[in-house]
Q: 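Sharing a structure, written as C-alpha coordinates. Questions coming.
Heads up: numbering here begins at 1 and tracks the sequence. For ligands, and for the atoms within them, numbers begin at 1 and follow the listed sequence.
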Amino acid sequence: MSDCIFCKIAAGTIPAARVYEDEQLIAFKDIAPQRPVHILVIPKKHITSLATVSADDAPLLGQMLAKAHEIALAQGSPAGFRVIINTGEIGQQEVQHLHMHILGGPQPVGPMVQKH
Ligand code: 5GP
Ligand code: ZN
(Lines give C-alpha, C1' and ligand atoms only; values in the text may rest on other atoms or scores of the structure.)
(Ligands and ions follow the chains in the order given, each with its own letter.)
Protein backbone atom coordinates (compact mmCIF):
# COMPACT_ATOMS: atom_id res chain seq x y z
CA MET A 1 0.00 0.00 0.00
CA SER A 2 1.54 3.27 -1.11
CA ASP A 3 0.47 5.34 1.88
CA CYS A 4 1.32 2.77 4.56
CA ILE A 5 4.29 3.70 6.73
CA PHE A 6 5.24 0.09 7.48
CA CYS A 7 5.08 -0.84 3.78
CA LYS A 8 7.51 2.03 3.21
CA ILE A 9 9.80 0.68 5.94
CA ALA A 10 9.58 -2.79 4.38
CA ALA A 11 10.46 -1.32 0.97
CA GLY A 12 13.33 0.69 2.47
CA THR A 13 11.95 4.06 1.41
CA ILE A 14 11.62 5.10 5.08
CA PRO A 15 14.60 4.25 7.29
CA ALA A 16 14.31 1.98 10.30
CA ALA A 17 16.80 0.25 12.58
CA ARG A 18 16.41 -3.25 11.20
CA VAL A 19 17.39 -6.14 13.41
CA TYR A 20 16.11 -9.12 11.39
CA GLU A 21 14.94 -9.84 7.86
CA ASP A 22 13.95 -12.89 5.86
CA GLU A 23 11.82 -13.54 2.77
CA GLN A 24 8.55 -12.86 4.54
CA LEU A 25 9.34 -10.63 7.53
CA ILE A 26 11.31 -7.72 8.77
CA ALA A 27 11.90 -6.67 12.37
CA PHE A 28 13.03 -3.21 13.46
CA LYS A 29 13.31 -1.10 16.58
CA ASP A 30 10.20 0.82 17.64
CA ILE A 31 10.76 4.55 17.17
CA ALA A 32 9.30 5.27 20.63
CA PRO A 33 10.43 2.33 22.77
CA GLN A 34 8.28 1.50 25.80
CA ARG A 35 10.86 -0.91 27.22
CA PRO A 36 14.65 -1.34 26.87
CA VAL A 37 13.92 -3.90 24.15
CA HIS A 38 11.01 -2.89 21.90
CA ILE A 39 11.00 -4.50 18.47
CA LEU A 40 8.27 -4.56 15.83
CA VAL A 41 7.95 -7.61 13.58
CA ILE A 42 5.97 -7.08 10.38
CA PRO A 43 5.12 -9.08 7.27
CA LYS A 44 6.68 -7.57 4.13
CA LYS A 45 3.33 -7.84 2.37
CA HIS A 46 0.56 -5.53 3.49
CA ILE A 47 -1.90 -7.11 5.88
CA THR A 48 -3.99 -4.57 7.78
CA SER A 49 -4.41 -6.45 11.04
CA LEU A 50 -5.08 -9.79 12.71
CA ALA A 51 -8.72 -9.09 11.85
CA THR A 52 -7.99 -9.32 8.12
CA VAL A 53 -5.72 -12.37 7.91
CA SER A 54 -6.75 -15.34 5.79
CA ALA A 55 -6.11 -19.03 6.30
CA ASP A 56 -3.28 -18.73 3.77
CA ASP A 57 -1.48 -16.39 6.16
CA ALA A 58 -1.12 -19.06 8.87
CA PRO A 59 2.51 -19.96 7.96
CA LEU A 60 3.45 -16.27 7.95
CA LEU A 61 1.88 -15.74 11.38
CA GLY A 62 3.66 -18.83 12.63
CA GLN A 63 6.96 -17.48 11.33
CA MET A 64 6.40 -14.19 13.20
CA LEU A 65 5.91 -16.07 16.47
CA ALA A 66 8.65 -18.59 15.77
CA LYS A 67 11.25 -15.81 15.33
CA ALA A 68 10.31 -13.89 18.49
CA HIS A 69 12.68 -15.70 20.84
CA GLU A 70 15.66 -15.44 18.51
CA ILE A 71 15.07 -11.71 18.02
CA ALA A 72 14.52 -11.06 21.74
CA LEU A 73 17.70 -12.93 22.60
CA ALA A 74 19.76 -11.04 20.04
CA GLN A 75 18.38 -7.71 21.27
CA GLY A 76 19.19 -8.26 24.94
CA SER A 77 16.17 -9.94 26.48
CA PRO A 78 17.58 -13.34 27.46
CA ALA A 79 15.11 -14.33 30.16
CA GLY A 80 11.84 -13.91 28.31
CA PHE A 81 9.75 -11.23 26.66
CA ARG A 82 6.19 -10.15 25.99
CA VAL A 83 4.47 -10.28 22.60
CA ILE A 84 1.55 -7.98 21.83
CA ILE A 85 -0.49 -7.59 18.65
CA ASN A 86 -2.84 -4.64 19.01
CA THR A 87 -5.81 -5.14 16.72
CA GLY A 88 -8.42 -2.67 15.55
CA GLU A 89 -10.09 0.14 17.43
CA ILE A 90 -10.64 -1.76 20.69
CA GLY A 91 -7.06 -2.99 20.56
CA GLN A 92 -5.89 0.61 20.02
CA GLN A 93 -3.98 -0.30 16.88
CA GLU A 94 -2.38 2.90 15.58
CA VAL A 95 -0.55 1.70 12.48
CA GLN A 96 -2.82 -0.16 10.06
CA HIS A 97 -0.24 -2.76 8.96
CA LEU A 98 -0.07 -5.92 11.04
CA HIS A 99 2.78 -5.76 13.55
CA MET A 100 3.88 -7.74 16.56
CA HIS A 101 5.52 -5.92 19.45
CA ILE A 102 8.34 -7.74 21.25
CA LEU A 103 8.89 -6.12 24.65
CA GLY A 104 11.66 -7.05 27.01
CA GLY A 105 15.02 -6.23 28.46
CA PRO A 106 17.15 -7.24 31.38
CA GLN A 107 14.34 -6.67 33.91
CA PRO A 108 10.78 -8.02 34.01
CA VAL A 109 8.51 -5.87 31.88
CA GLY A 110 6.04 -5.34 34.73
CA PRO A 111 2.28 -5.57 34.91
CA MET A 112 0.16 -4.68 31.90
CA VAL A 113 -0.99 -1.31 33.20
CA GLN A 114 0.22 0.55 30.13
CA LYS A 115 -0.90 0.06 26.57
CA HIS A 116 2.34 -1.71 25.63
P1 5GP B 1 0.32 0.12 17.63
O2 5GP B 1 -0.16 1.11 18.62
O3 5GP B 1 -0.28 0.33 16.27
O4 5GP B 1 0.25 -1.30 18.10
O5 5GP B 1 1.89 0.37 17.51
C6 5GP B 1 2.48 1.15 16.54
C7 5GP B 1 3.91 1.29 16.93
O8 5GP B 1 4.63 1.76 15.80
C9 5GP B 1 4.15 2.32 18.05
O10 5GP B 1 4.79 1.67 19.14
C11 5GP B 1 5.02 3.38 17.39
O12 5GP B 1 6.00 3.91 18.28
C13 5GP B 1 5.63 2.64 16.23
N14 5GP B 1 5.94 3.47 15.07
C15 5GP B 1 5.10 4.33 14.45
N16 5GP B 1 5.70 4.91 13.41
C17 5GP B 1 6.95 4.40 13.34
C18 5GP B 1 8.06 4.61 12.45
O19 5GP B 1 8.01 5.40 11.51
N20 5GP B 1 9.18 3.89 12.70
C21 5GP B 1 9.28 3.01 13.74
N22 5GP B 1 10.45 2.37 13.91
N23 5GP B 1 8.26 2.78 14.59
C24 5GP B 1 7.11 3.47 14.39
ZN1 ZN C 1 1.43 -1.75 4.80
Side-chain angles (χ1 to χ4, degrees):
M1 274 182 98
S2 58
D3 60 346
C4 170
I5 193 162
F6 285 179
C7 280
K8 289 178 181 169
I9 286 175
T13 55
I14 286 181
R18 294 185 184 217
V19 300
Y20 174 80
E21 177 169 6
D22 64 26
E23 270 187 23
Q24 302 183 91
L25 307 178
I26 68 165
F28 52 93
K29 295 185 180 180
D30 195 291
I31 203 165
Q34 306 289 315
R35 294 291 188 277
V37 173
H38 189 167
I39 303 297
L40 300 174
V41 183
I42 68 168
K44 287 182 173 176
K45 75 165 186 173
H46 184 86
I47 298 175
T48 301
S49 80
L50 266 193
T52 67
V53 295
S54 71
D56 291 344
D57 294 320
L60 172 63
L61 296 169
Q63 175 75 348
M64 290 172 70
L65 286 170
K67 284 290 164 188
H69 180 238
E70 176 186 321
I71 292 168
L73 214 52
Q75 292 304 307
S77 196
F81 54 89
R82 179 172 288 152
V83 159
I84 296 175
I85 304 178
N86 295 319
T87 303
E89 193 180 340
I90 295 297
Q92 296 185 279
Q93 180 180 359
E94 286 164 12
V95 177
Q96 304 306 310
H97 180 127
L98 176 65
H99 54 280
M100 181 176 86
H101 297 257
I102 299 174
L103 299 162
Q107 304 295 329
V109 296
M112 292 193 68
V113 291
Q114 292 173 276
K115 184 182 161 197
H116 298 307

Q: Which value, rounded to 10°, describes the SG(Cys4)-the Zn ion (ligand 2)-ND1(His46) angle?
A: 110°

Q: Tell me whether Leu65 shares a hydrophobic cluster with Val19, the cluster being built from Ile, Leu, Val, Met, Phe, Trp, Tyr side chains joined at under 4.5 Å.
A: yes

Q: Going by the atom numbers of ligand 1, which of them fall below 4.0 Å from some non-hydrogen atom of Asn86?
A: 1 (P), 2 (O), 4 (O)

Q: Once rounded to 10°, what is the value of the angle centred on the Zn ion (ligand 2) between Cys7 SG and His97 ND1?
A: 110°

Q: Might you work through the side chain to side chain contact (heavy atoms under 4.5 Å, CB included) test for Leu25 and Leu60, ending with a clear yes or no?
A: CA-CA 8 Å; Leu25 307 178; Leu60 172 63; 3.5 Å; yes

Q: Indicate, as side chain, backbone, both or neither, the part of Ile5 found under 4.0 angstrom from ligand 1 when only non-hydrogen atoms are considered.
A: side chain

Q: Any heavy atom of His101 sitting closer than 4.0 Å to ligand 1?
A: yes

Q: Which atoms of ligand 1 have any heavy atom of Leu40 under 4.0 Å away?
A: 8 (O), 13 (C), 23 (N)

Q: Quick check on the hydrophobic clustering: are Val95 and Ile31 connected, directly or via other members, by side-chain heavy-atom contacts under 4.5 Å?
A: no

Q: Which residue, Glu21, Glu23, Gln24, forms the side chain to side chain donor-acceptor pair (under 3.5 Å) with Lys44?
A: Glu21

Q: Applying a strict under-4.5 Å side-chain criterion to I, L, V, M, F, W and Y, I'd like to know whether Leu98 and Met100 cluster together.
A: yes

Q: Show which atoms of ligand 1 fall inside a sub-4.0 Å distance from at least one heavy-atom site of Phe28.
A: 21 (C), 22 (N)

Q: Are Val37 and Phe81 linked, directly or through intermediate hydrophobic residues, by side-chain heavy-atom contacts shorter than 4.5 Å (ILVMFWY only)?
A: yes

Q: Using a 4.0 Å heavy-atom threshold (strictly under), name the region of Ile84 that reaches ligand 1: side chain, backbone, both or neither.
A: neither

Q: Are any of the N/O atoms in Ala16 less than 3.5 Å from those in ligand 1?
A: no

Q: Heavy-atom contact under 4.0 Å between Ile9 and ligand 1?
A: yes

Q: With a heavy-atom distance limit of 4.0 Å, tell me whether Ile31 approaches ligand 1 through its side chain, its backbone, both, or neither.
A: both

Q: Please verify the inter-ring angle class for His97 with Phe6; under 30° counts as parallel, over 60° as perpendicular, anything in between as tilted.
A: perpendicular

Q: Which ligand 1 atoms are under 4.0 Å away from a heavy-atom of Ala32?
A: 12 (O)

Q: Less than 3.5 Å between some nitrogen or oxygen of Asp30 and one of ligand 1, yes or no?
A: yes

Q: Using a 4.5 Å cut-off on heavy atoms from C-beta on, say whether the side chain of Val83 contacts that of Met64.
A: no

Q: When clusters are formed by joining ILVMFWY residues with side-chain heavy atoms under 4.5 Å apart, either directly or through shared neighbours, do Leu61 and Leu40 land in the same one?
A: no

Q: I need the atoms of ligand 1 closer than 4.0 Å to a non-hydrogen atom of Gln92, numbered in the order shown.
A: 2 (O)

Q: Decide whether the shortest distance between a heavy atom of His99 and an atom of ligand 1 is less than 4.0 Å.
A: yes

Q: Taking only heavy atoms of Glu94 into account, list the atoms of ligand 1 that are under 4.0 Å away from them.
A: 1 (P), 2 (O), 3 (O)

Q: For Gln75 and Ile102, run side chain to side chain contact (heavy atoms under 4.5 Å, CB included): C-alpha distance rounded to whole Å, both residues' side-chain angles, the deciding distance at 0.1 Å, then the answer.
A: CA-CA 10 Å; Gln75 292 304 307; Ile102 299 174; over 6 Å; no

